[in-house]
Amino acid sequence: MQTRRYHHGDLRAALLTRAEETLREKGPAELSLRELARDLGVSHAAPSRHFKDKQALLDGLALLGFDRLGATLGASQEGVGSAFADRIDAFARAYVGFAGDNAELLDLMYSIKHDPSASEALVKASQQLGALALAVITEGQRAGEVREGSVESIATPIFSTLHGFASLAVSGSLPEGAVESGLNDITAYVLRGCAPDARG
């Protein structure tokens, strides 16, 4: 039995890792603290020290996802220069790449963050992610590369377009090999919509 191998911090991480594997394989409906405990070789009561119920586990998974996505998007901005076109292109590719690698997790993240019972930590993590996107637009405005206006009103169509494209890519709705050319088109579309002479 693996029971004695786990300590408080290690078991929480192990539960999240196995929960994410189950999410990928079977979807959120099949997640069960009791099943996770059995998979990890611990007592069925052991997970309750870290997650009081399934909802807490889902919150933990979503929080992990937002942290990982934030790190991915943040890393995409390193070394790409200050031009808005380069920054938004890198941002878009990182987001679509994350969606492709973590489709089930991304679905969970967005379904849970709108739940009234979402934890304060989860809400904060999703807001930090939004702040990263807004910062790219704000800096573009300062450089004169993005039209004037509410940053939020500019960000909404950008993110809607990007998330929609990512959903199509992940679902297999795009022709084979079309993701790369599609990303080029998405970037061009966003730049036209954000251009200083574009209608607000």
Side-chain angles (χ1 to χ4, degrees), residues 1-79 90-133 159 162-174 176 179 183:
M1 291 291 286
Q2 295 176 312
T3 307
R4 309 229 188 276
R5 294 186 186 178
Y6 291 103
H7 303 287
H8 289 289
D10 293 331
L11 179 56
R12 187 180 194 282
L15 286 165
L16 287 172
T17 297
R18 182 58 191 138
E20 186 175 356
E21 291 170 354
T22 302
L23 180 69
R24 290 175 186 270
E25 296 164 3
K26 304 176 182 179
E30 297 301 315
L31 278 172
S32 158
L33 288 171
R34 184 178 288 270
E35 290 298 318
L36 291 177
R38 186 170 67 179
D39 289 347
L40 293 174
V42 299
S43 72
H44 67 82
S48 65
R49 293 197 295 268
H50 304 281
F51 303 103
K52 65 179 181 178
D53 53 25
K54 179 178 176 178
Q55 186 58 51
L57 174 68
L58 293 176
D59 270 13
L61 268 179
L63 182 58
L64 182 71
F66 277 113
D67 287 345
R68 191 183 298 164
L69 178 55
T72 298
L73 296 178
S76 77
Q77 299 301 294
E78 297 174 4
F91 191 96
R93 291 176 187 280
Y95 187 85
V96 172
F98 181 91
D101 293 338
N102 303 273
E104 299 82 6
L105 183 60
L106 193 66
D107 281 344
L108 177 69
M109 288 158 56
Y110 283 106
S111 64
I112 287 188
K113 82 166 188 169
H114 297 298
D115 191 308
S117 64
S119 69
E120 184 177 337
L122 185 57
V123 172
K124 183 178 180 181
S126 67
Q127 290 172 342
Q128 288 174 337
L129 184 63
L132 179 61
F159 188 76
L162 183 55
H163 187 67
F165 180 79
S167 298
L168 289 173
V170 168
S171 69
S173 300
L174 299 176
E176 186 176 351
V179 173
L183 275 166

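From a predicted model like this one, the values you see are computed outputs, not experimental measurements. Index from 1, following the sequence.
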Q.
What's the separation between atom CZ in R38 and atom OG in S43, rounded to the nearest 0.5 Å?
A. 14.0 Å
Q) Any side-chain heavy atom of F51 sitting closer than 4.5 Å to one from L61? A) no
Q) Are R18 and E21 ion-paired here, with the side-chain N under 4.0 Å from a carboxylate O? A) yes
Q: Considering non-hydrogen atoms only, spot the tightest contact between A99 and L106 and give its length.
A: CB-CD2, 3.7 Å
Q.
If I take atom CG from residue L58 and atom CG from residue L63, how far apart are they, to the nearest 0.5 angstrom?
A. 12.5 Å
Q. At their closest point, which heavy atom of G70 faces which heavy atom of L132, and how far apart are they?
A. O-CD2, 4.0 Å
Q: Report the distance from atom CD of E30 to atom CD of E35, rounding to the nearest 0.5 Å.
A: 9.0 Å
**Q.** Smallest separation among heavy atoms of A166 and V96, with atom names
**A.** CB-CG2, 4.2 Å
Q.
Using every non-hydrogen atom in the two residues, find where V42 and P47 come nearest and quote the distance to one decimal.
A. CG2-CD, 4.5 Å
Q: Name the orientation class of the two ring planes belonging to Y95 and F159 (parallel below 30°, tilted from 30 to 60°, perpendicular beyond 60°).
A: perpendicular
(Q) With rounding to the nearest 0.5 angstrom, report the CE to CG distance, M109 to D67. (A) 9.0 Å
Q.
Under a 4.0 Å threshold between the charged nitrogen and the carboxylate oxygen, would R68 count as salt-bridged to E20?
A. yes
Q: Indicate yes or no: at least one non-hydrogen side-chain atom of L69 is less than 4.5 angstrom from one of N102.
A: no
Q. Quick one: NE2 on H44 to CG on L36, what's the gap to the nearest 0.5 Å?
A. 14.0 Å
Q.
Does any part of the side chain of R24, heavy atoms only, come nearer than 4.5 Å to the side chain of L105, both counted from C-beta?
A. no
(Q) With heavy-atom distances below 4.5 Å as the criterion, would you say the side chains of F66 and Q128 are in contact? (A) no
**Q.** Shortest non-hydrogen separation from H50 to A46 and the atoms involved
**A.** CD2-O, 4.1 Å
Q) With a 4.5 Å limit on heavy-atom distance, are the side chains of F98 and L73 in contact? A) no
Q: Nearest 0.5 Å please: distance from the CG atom of L174 over to the OG atom of S167.
A: 10.5 Å
(Q) Evaluate E120 against K124 for salt bridge (Lys or Arg N to Asp or Glu O under 4.0 Å), listing each step before the verdict. (A) CA-CA 6 Å; E120 184 177 337; K124 183 178 180 181; over 6 Å; no
Q: Check S119 against D59 and note the closest heavy-atom contact, atom names and distance.
A: N-OD2, 3.4 Å
